[in-house]
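Whatever order the structure lists them in is the order used to number ligands and atoms, beginning at 1.
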Amino acid sequence: MVRTRIAPSPTGFPHIGTVYQALFDYAFAHKYDGQFLVRIEDTDRGRFVEGAEDAIFSALDWFGLSEDESPRKAGPHAPYRQSERLEIYQKHAEDLLEKEHAYYCFCSKERLEEVRNKMQAEKKIPMYDRHCRNISLADAKARIQAGETAVIRMKIPDNEKIVVPDGIRGDVIFDSSVVDDQVIVKTDGFPTYHLAVVVDDHTMEVTHVLRGEEWLSSAPKHILLYQYFGWTAPEFFHTPLIRNPDKSKLSKRQGHTSVTWYKEHGFLPEAILNYLALMGWTHPEEKDIFAFEEFIKLFEFKDLKPLGPVFDLKKLEWMNGQYIMAMQPETLKQHILDFNKDVQLDEAIVEKSIPLVRERMKTLPDYLAIAQFLFTRPTTYEKDLTESKELLMKVHTKLATVESWQAEVIGDAMVSLAGELGVSNSQFFMTLRVAISGNKITPPLNDSMELLGKDECLARLEIAAKQ
Ligand code: GLU
């Protein structure tokens with residue numbers, strides 16, 4: 001049975017990196033008829049952000065990556081929010097204390113600071129000096145009874161090689177002497193990530209753990225905890241950090257780390273997923289665009305590559321454009337209407353304009369940027385029309401005679417008029433285009449004019465001639 005999970009912390013907006021993990025976890029679980037879980041890791045109360053959990057779930061829903069078990073979906077291992085599992089961690093911490101794999105530490109902040117400074121001055125890796133490691137459990141308990149506060153630390157063995165098997169990188173070997181006696185329970189009784197993640201992944205029967213490479217250095221601690229508890233560790237896959245094209249770390253400042261940013265900027269969830277799938281994975285036929293179902297069939301964790309994937313917004317825009325182009329017109333219409341719901345576009349015009357506009361769209365806001373003139377008359381003109389009055393009135397007169405208001409007929413009438421007047425086609429149509437739309441670049445003009453209707457076009461020509 002395959003069980004995967006994401007374990008986001010509700011500390012801010014939903015991050016695109018979380019979606020990246022969720023995509024692979026979801027695909028792998030679905031491929032093997034397993035389950036995909038969402039566990040909320042909210043033990044760091046200082047960083048807790050109200051509403052962040054809901055935002056994670058709305059993001060998953062938007063992408064269609066809904067989970068099988070989570071705080072909002074009942075499952076056999078509830079609760080799925082760490083702050084509601086404190087007793088479970090306490091019980092397991094107690095177990096480690098009894099087995100002497102962990103110990104109480106009473107060192108004050110000041111003392112720890114001193115130790116750290118001293119080690120840094122000696123150019124050593126700053127680590128806890130194990131001052132409390134030999135206090136017996138009975139003595140420690142007596143001190144706590146008497147009112148002292150303590151954290152619980154795990155005991156790291158000396159001079160051992162700790163092997164972290166990683167499905168993407170192979171075995172990664174750590175020397176235990178560079179691993180700190182990690183705090184696993186804080187003075188407030190909350191576990192740290194390290195204890196909680198191991199206890200939860202085990203008790204929730206998670207089989208495959210995919211997470212960012214920033215957790216790789218913590219993995220030896222986790223491997224030891226699995227050994228201390230006598231449990232089999234899940235398979236680990238540490239994905240490389242997603243980078244910007246300049247190789248810098250994808251950061252908040254760059255704007256596009258937040259899922260909401262993509263939604264607000266008119267990206268389609270299916271295009272984003274397709275793009276993310278290609279970051280670290282290659283389609284066997286090297287296809288760029290493929291359906292999500294196809295990805296689920298083909299994807300294996302082991303095929304992920306350890307190279308840092310580059311997030312190129314330009315490429316994503318291109319891909320989004322491809323999805324827009326391939327979309328059913330009816331679906332695209334709905335997307336456009338939803339995206340612009342504040343301005344309430346005329347549905348019939350949207351429908352008719354789609355064939356004219358879609359090829360020029362990369363994202364949803366491109367629609368109105370291109371097609372605004374189909375809904376409202378221009379108020380400014382990208383080209384000075386003061387010299388074109390006469391020409392525009394001649395066009396007006398000619399078009400007034402056109403009976404069958406169709407793109408082709410309009411086009412023929414215009415070409416013949418340009419010929420009669422001895423004006424080059426390109427100059428003629430540019431003037432007309434600006435008069436009708438205000439813009440130098442538009443979708444095909446004749447079709448746009450057909451869509452606008454005869455009366456509206458004649459009215460616009462008159463207004464433009466008065467400039
Ligand atoms: N809570 C951790 C995070 O926010 C989860 C790491 C993991 O997947 O083990 O990234």
Side-chain angles (χ1 to χ4, degrees), residues 2-29 35-49 51-57 59-60 65 67 69-71 77 79-86 88-89 92 154 164-169 172 182-184 186 190-226 231 233-242 249-252 257-259 276 280 301 304:
V2 165
R3 286 173 62 84
T4 60
R5 54 62 163 183
I6 53 164
S9 299
T11 53
F13 57 73
H15 195 280
I16 195 73
T18 305
V19 177
Y20 180 64
Q21 311 276 334
L23 161 69
F24 296 129
D25 282 322
Y26 179 99
F28 195 74
Q35 291 96 38
F36 164 55
L37 285 63
V38 178
R39 180 174 67 236
I40 299 294
E41 300 209 328
D42 59 347
T43 54
D44 189 346
R45 303 312 283 174
R47 294 179 59 216
F48 182 80
V49 171
E53 183 181 314
D54 287 345
I56 292 166
F57 287 117
L60 291 177
L65 298 174
E67 76 290 0
E69 295 168 31
S70 75
H77 301 292
Y80 292 91
R81 211 178 270 121
Q82 287 188 330
S83 59
E84 293 164 18
R85 300 172 61 80
L86 298 184
I88 304 175
Y89 309 124
H92 285 92
M154 63 184 286
V164 176
D166 183 296
I168 302 178
R169 296 148 200 271
V172 187
Q182 176 67 48
V183 173
I184 52 173
K186 296 176 271 187
F190 273 69
T192 59
Y193 162 69
H194 307 282
L195 177 65
V197 76
V198 168
V199 168
D200 287 347
D201 282 339
H202 175 74
T203 54
M204 295 179 180
E205 299 181 84
V206 170
T207 54
H208 297 75
V209 169
L210 180 87
R211 58 185 178 188
E213 71 180 355
E214 67 273 29
W215 300 109
L216 184 59
S217 60
S218 302
K221 296 168 192 170
H222 304 166
I223 293 283
L224 283 176
L225 286 173
Y226 280 104
W231 298 336
E235 286 184 48
F236 287 110
F237 303 84
H238 290 93
T239 53
L241 276 188
I242 302 174
K249 190 178 159 215
L250 206 62
S251 72
K252 262 189 222 174
T257 50
S258 159
V259 169
L276 290 177
F301 277 147
L304 286 169

Atom 1 (N) of ligand 1: which protein heavy atom is closest, and how many Å away? Glu41 OE1, 2.6 Å
If you scan protein heavy atoms around atom 4 (O) of ligand 1, the nearest is Ser9 OG, 3.3 Å
Nearest heavy-atom contact between Tyr226 and Val197 is OH-O, 4.5 Å
Counting heavy atoms under 4.0 Å, the part of His238 that contacts ligand 1 is neither
Would the distance check show the side chain of His77 and the main-chain N or O of Thr203 forming a donor-acceptor pair, the cut-off being under 3.5 Å? yes
Side-chain contact, heavy-atom cut-off 4.5 Å: Trp215 with Tyr193? yes
Counting from 1 in the order shown, the ligand 1 atoms closer than 4.0 Å to a non-hydrogen atom of Val197 are 9 (O)
Which residue holds the protein heavy atom closest to atom 5 (C) of ligand 1, what is that atom called, and what is the gap in Å? Ala7 O, 3.2 Å
Residue Tyr193 vicinity, atoms of ligand 1 by number, heavy atom under 4.0 Å: 5 (C), 6 (C), 7 (C), 9 (O)
For Arg5, atoms of ligand 1 separated by under 4.0 Å from a heavy atom: 7 (C), 8 (O), 9 (O)
Are the side chain of Thr4 and the backbone of Asp25 linked by a donor-acceptor contact shorter than 3.5 Å? yes
Side-chain donor-acceptor pair under 3.5 Å between His238 and Arg211, yes or no? yes
Going by salt bridge (charged side-chain N to carboxylate O under 4.0 Å, His left out), name the pairs with one or both residues in residues 195-210, residues two or more places apart or in two chains. Arg5-Asp201, Arg39-Asp200, Arg39-Asp201, Arg85-Asp200
